[in-house]
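Below, chain A is the first sequence line, B the second, and so on; all start at residue 1.
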Number of protein chains: 2
Amino acid sequence: MTDDGPGEVLDERYPARRVLNLIADKWTPIVLYCLAGGTRRFGEMQRRIPGLSKKMLIQVLRGLERDGLVHREVFQVVPPKTEYTLTELGRRLHEPVAMLCRWAADHVEELDAVERNRGSKSAI
Amino acid sequence: MTDDGPGEVLDERYPARRVLNLIADKWTPIVLYCLAGGTRRFGEMQRRIPGLSKKMLIQVLRGLERDGLVHREVFQVVPPKTEYTLTELGRRLHEPVAMLCRWAADHVEELDAVERNRGSKSAI
DNA sequence: CTGTATCCGATGGGATACTG
DNA sequence: CAGTATCCCATCGGATACAG
């Protein structure tokens, strides 16, 4: 059960490839994870995710919105207020992402070891 | 249970951020998934993953090797032969990745809908 | 507060040709 | 077969400044 024979081809129609097109970058999974905690405002998310610039945050949010994973609601008040909320599909997609995050939390020691090792070897 | 309060900060020490540093790119999860099927040779993987160039495959494999997720074994024969195998840690990390792949397989219809929608909206 | 615009370097990623 | 070496373009991603 460790081999699946010569037949399996992971082409661009393979579901995993397609879901990776949606979320496989530096920030998207984190933003998704952050939004899973509930409706969030723009600045709030930036505060929660140190290192994430406005530019990248808006870019990620626009992508998620375009793909129907996030709903964006603008309130016409001053100062401006915008709320971001996961859609039903967004919440579904969050589940496997959350599994990955949980796995990470459960394997911090291994992550430590990886990063220690990284320092002693040349990058790529 | 949908909100986690103002306290949670997803900084660069947050485990999810760290595991994403390991695998959050276009090809790594696919390669990991492919290797989970058993020991693989270089050309074999390239055949299984259409669209993946030699350059990117070797780059991804070197990264996985550096991080201790993959073991590389070279056989001194002609023609050359090299085998790549997941390490114990690699197999562990494969689990949540497999979950994501399984999720994708279970939600092909939603993925179809996303891609249909994408065409009608402007990209970013 | 929620964005936009611009600049710019770093990286990702494909094509092609070459090597042991 | 399993890589290496280049070239080159697109996107990523940070910094800064500006606007409604």
Side-chain angles (χ1 to χ4, degrees), chain A residues 6 10-12 17-18 20-32 34-35 39-67 70-85 118 122-124, chain B residues 6 10-12 17-18 20-32 34-35 39-67 70-85 118 122-124:
Chain A
L10 278 40
D11 67 19
E12 58 283 342
R17 291 273 299 264
R18 299 167 66 194
L20 287 174
N21 282 336
L22 261 49
I23 58 164
D25 62 60
K26 185 174 178 179
W27 297 111
T28 300
I30 297 291
V31 170
L32 204 61
C34 181
L35 279 168
T39 295
R40 298 272 183 255
R41 297 184 58 179
F42 186 88
E44 185 187 1
M45 300 184 68
Q46 242 205 316
R47 257 176 289 113
R48 284 171 184 269
I49 311 178
L52 176 52
S53 68
K54 280 197 282 195
K55 177 189 167 182
M56 290 315 299
L57 178 54
I58 201 70
Q59 190 170 305
V60 165
L61 287 170
R62 291 286 192 271
L64 289 172
E65 189 188 358
R66 182 198 56 188
D67 291 338
V70 159
H71 171 71
R72 172 169 171 262
E73 184 161 13
V74 179
F75 296 84
Q76 291 296 351
V77 297
V78 317
K81 175 176 171 179
T82 307
E83 285 185 349
Y84 294 89
T85 312
R118 230 201 255 252
S122 63
I124 297 191
Chain B
L10 277 39
D11 67 19
E12 56 285 342
R17 293 272 299 263
R18 300 167 65 195
L20 287 174
N21 281 337
L22 261 48
I23 58 163
D25 62 61
K26 185 173 178 180
W27 297 111
T28 300
I30 296 291
V31 170
L32 205 59
C34 181
L35 280 168
T39 294
R40 298 272 182 257
R41 297 183 59 177
F42 185 88
E44 183 186 2
M45 302 185 66
Q46 241 203 315
R47 258 176 287 112
R48 283 171 184 270
I49 312 178
L52 176 53
S53 67
K54 280 199 280 197
K55 176 188 167 185
M56 289 316 298
L57 178 53
I58 201 71
Q59 190 170 306
V60 165
L61 287 171
R62 291 285 192 271
L64 289 172
E65 189 188 358
R66 180 198 58 189
D67 292 337
V70 160
H71 172 70
R72 173 169 171 263
E73 184 160 15
V74 179
F75 296 84
Q76 292 295 351
V77 296
V78 317
K81 176 176 170 177
T82 308
E83 285 185 349
Y84 294 90
T85 312
R118 229 201 255 254
S122 63
I124 295 191

Q.
Would you say B:Arg62 places a side-chain N or O within less than 4.0 Å of OP1 or OP2 belonging to D:dT4?
A. yes
Q: Check the distance between D:dG3's P and B:Glu44's CD and give it to me in whole angstrom.
A: 13 Å
Q.
Donor-acceptor pair, distance only, cut-off 3.5 Å: does the side chain of B:Arg17 make one with the backbone of B:Leu10?
A. yes
Q. Tell me: CD of A:Glu73 to P of C:dG3, nearest whole Å?
A. 12 Å
Q: Go through the structure and list residues passing side chain to side chain contact (heavy atoms under 4.5 Å, CB included) with A:Pro80, not counting sequence neighbours.
A: none
Q. Below 4.0 angstrom from OP1 or OP2 of C:dG3, is there any side-chain N or O of A:Thr82?
A. yes
Q) Please give, in whole Å, the distance from D:dC12 C1' to A:Leu57 CG? A) 15 Å
(Q) Quick check on D:dC1: is either OP1 or OP2 less than 4.0 Å from any side-chain nitrogen or oxygen of B:Tyr84? (A) no
Q. Over how many whole Å does the gap from B:Gln46 atom CD to C:dG13 atom C1' extend?
A. 14 Å
Q: Provide, to the nearest angstrom, the distance between the CG atom belonging to A:Leu20 and the P atom belonging to C:dG12.
A: 16 Å
Q: To the nearest Å, give me how far apart CD (A:Gln76) and P (C:dG3) are.
A: 11 Å
(Q) Treating B:Arg41 as the side-chain partner and B:Lys81 as the backbone partner, does any N or O pair qualify as donor plus acceptor under 3.5 Å? (A) no
Q) Does a nitrogen or oxygen in the side chain of A:Arg41 sit under 4.0 Å from OP1 or OP2 of C:dT2? A) yes
Q. Given C:dG3, is OP1 or OP2 found less than 4.0 Å from the side-chain N or O atoms of A:Arg72?
A. yes
Q: Measure the distance from NZ on B:Lys81 to P on D:dG3 and round it to the nearest whole Å.
A: 13 Å
Q | With A:Gln76 via side chain to side chain contact (heavy atoms under 4.5 Å, CB included) - residues at least two apart | A | A:Val74
Q.
In whole Å, I'd like the distance from the CD1 atom of A:Ile58 to the P atom of C:dT6.
A. 17 Å
Q: For nucleotides 13-20 of chain D, just jot down a letter per nucleotide in 5' to 3' order: B, S or -, based on protein non-hydrogen atoms under 4.0 Å.
A: BBB----B
